[in-house]
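Chain letters run A, B, ... following the sequence lines, proteins first, then strands; residues in each count from 1.
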Amino acid sequence: MCTEETWDKGIFTPYQNGAGVVSAVKQRCQANARERDRTQNSVNTAFNTLRLLIPTEPPDRKLSKIEILRLAGSYITHLDNQLFTGDVDQPCLQKNDGDNKNNSLCTFCWSSLKKEKNAPPPDKNYYKMTY
DNA sequence: TAGGCCATCTGGTCCT
DNA sequence: AGGACCAGATGGCCTA
C-alpha cells in the first residue's frame with residue numbers, strides 16, 4: 001500500500017521516469033493517505049456514532065452501513081410518531097409488507113417494551129418486516 | 001460459489 | 001496550488 005511510511009522507507013517504489021513523475025506519484029500517495037484518514041476517522045466515526053443511537057435487538061447486533069442509514073430513517077419516523085401522538089407509552093403499530101396483513105408492533109416500540117416487561121425476542125422475519 | 005459488504009485507490013470538481 | 005469531498009472501480013473477506 002502506498003503510504004507516507006512505505007514511501008519514506010522506500011518500500012513503495014513506483015516507476016521512476018524522472019523527478020516530475022516521482023513527485024506526482026508521491027502527491028497521489030499523500031492524497032490516498034488523506035482519503036483513508038477521512039474515511040476512517042470522519043465517515044466511519046459518524047456511522048459508529050449514528051449506530052449507537054439506534055436501538056436494536058440484540059443491542060450489539062452488527063449493522064451494515066446501509067442498514068444504519070435505513071434504520072436511522074425508520075427510527076426518526078418512529079420518534080416522530082410518538083411526538084405526534086404525544087404518548088410515548090402508546091406503541092405505534094406498523095402494517096407488514098407482502099401478503100401478511102396483520103399489524104405488528106414497531107421494532108423500536110418492542111425494544112422499549114422489552115426493557116419494561118422482559119418480552120421474548122421476535123424471530124428473524126419480524127425484523128425484516130418491521131425495520 | 002455467488003452475492004453482500006467493505007477498504008482502498010483514483011480522477012474529477014470545488015473551495016480556500 | 002493544494003486540500004477536501006465525492007463517486008466509480010476494484011479486489012478481498014465473509015456468509016448463506
Calculate, to the nearest 0.5 Å, the distance between atoms OG1 and CG belonging to Thr77(A) and Leu71(A) respectively. 11.0 Å
Of the listed dT8(B), dC5(B), dC6(C), the closest approach to the Ile66(A) side chain comes from dC5(B)
From Leu79(A) atom CG to Leu53(A) atom CG, the distance as rounded to the nearest 0.5 Å: 10.0 Å
Would you classify Asn44(A) as touching base, sugar-phosphate or nothing, given that sugar-phosphate means primed atoms plus P, OP1 and OP2, and contacts are heavy atoms under 4.0 Å? sugar-phosphate
I need the CZ-P distance between Arg28(A) and dG11(B), as an integer number of Å. 6 Å
Whole Å only: how far is the CG atom of Leu69(A) from the P atom of dC6(B)? 10 Å
To the nearest angstrom, how far is Glu35(A) atom CD from dG2(C) atom P? 18 Å
Answer yes or no: does a side-chain N or O of Lys65(A) lie under 4.0 Å from OP1 or OP2 of dA7(B)? yes
Considering only dC6(C), dT8(B), dC5(B), which nucleotide approaches the side chain of Ser64(A) most closely? dC5(B)
Side-chain N or O of Asn32(A) closer than 4.0 Å to phosphate OP1/OP2 of dA7(B): no
How many whole angstroms separate atom CZ of Arg36(A) from atom P of dC5(C)? 16 Å
Spatial distance of atom CZ (Phe47(A)) from atom CD1 (Ile66(A)) [nearest 0.5 Å]: 8.0 Å
Rounding to an integer number of Å, can you tell me how far Gln30(A) CD sits from dT8(B) P? 18 Å
Starting at atom CG of Leu63(A), determine the distance to atom P of dC5(B), rounded to an integer number of angstrom. 11 Å
What's the verdict on side chain to side chain contact (heavy atoms under 4.5 Å, CB included) for Gln40(A) and Thr45(A), showing C-alpha distance, side-chain angles and the deciding distance? CA-CA 7 Å; Gln40(A) 290 168 2; Thr45(A) 297; over 6 Å; no
If you only use heavy atoms from C-beta on, which nucleotide in dC6(B), dA4(C), dC9(B) is closest to the side chain of Arg34(A)? dA4(C)
Between Asn32(A) and Arg28(A), do the side chains contain an N or O donor and an N or O acceptor separated by less than 3.5 Å? yes
Gap separating the CG atom of Asn41(A) from the CG atom of Asn44(A), nearest 0.5 angstrom: 8.5 Å
What's Gln40(A) touching, base or sugar-phosphate or nothing? Going by heavy atoms closer than 4.0 Å. sugar-phosphate
How sharply is the helix from dT1(B)-dA16(C) to dT16(B)-dA1(C) bent, taking the axes over five pairs at either end and rounding to 10 degrees? 0°
Mind calculating the distance between CG (Asp37(A)) and C1' (dT8(B)) to the nearest angstrom? 12 Å
What about Arg38(A): does its side chain form a donor-acceptor pair under 3.5 Å with the base of dG3(C)? no
Would you call Arg38(A) and Glu35(A) a salt bridge, taking side-chain N to carboxylate O under 4.0 Å as the test? yes
dC5(B) C1' sits how many Å from Arg70(A) CZ, rounded? 12 Å
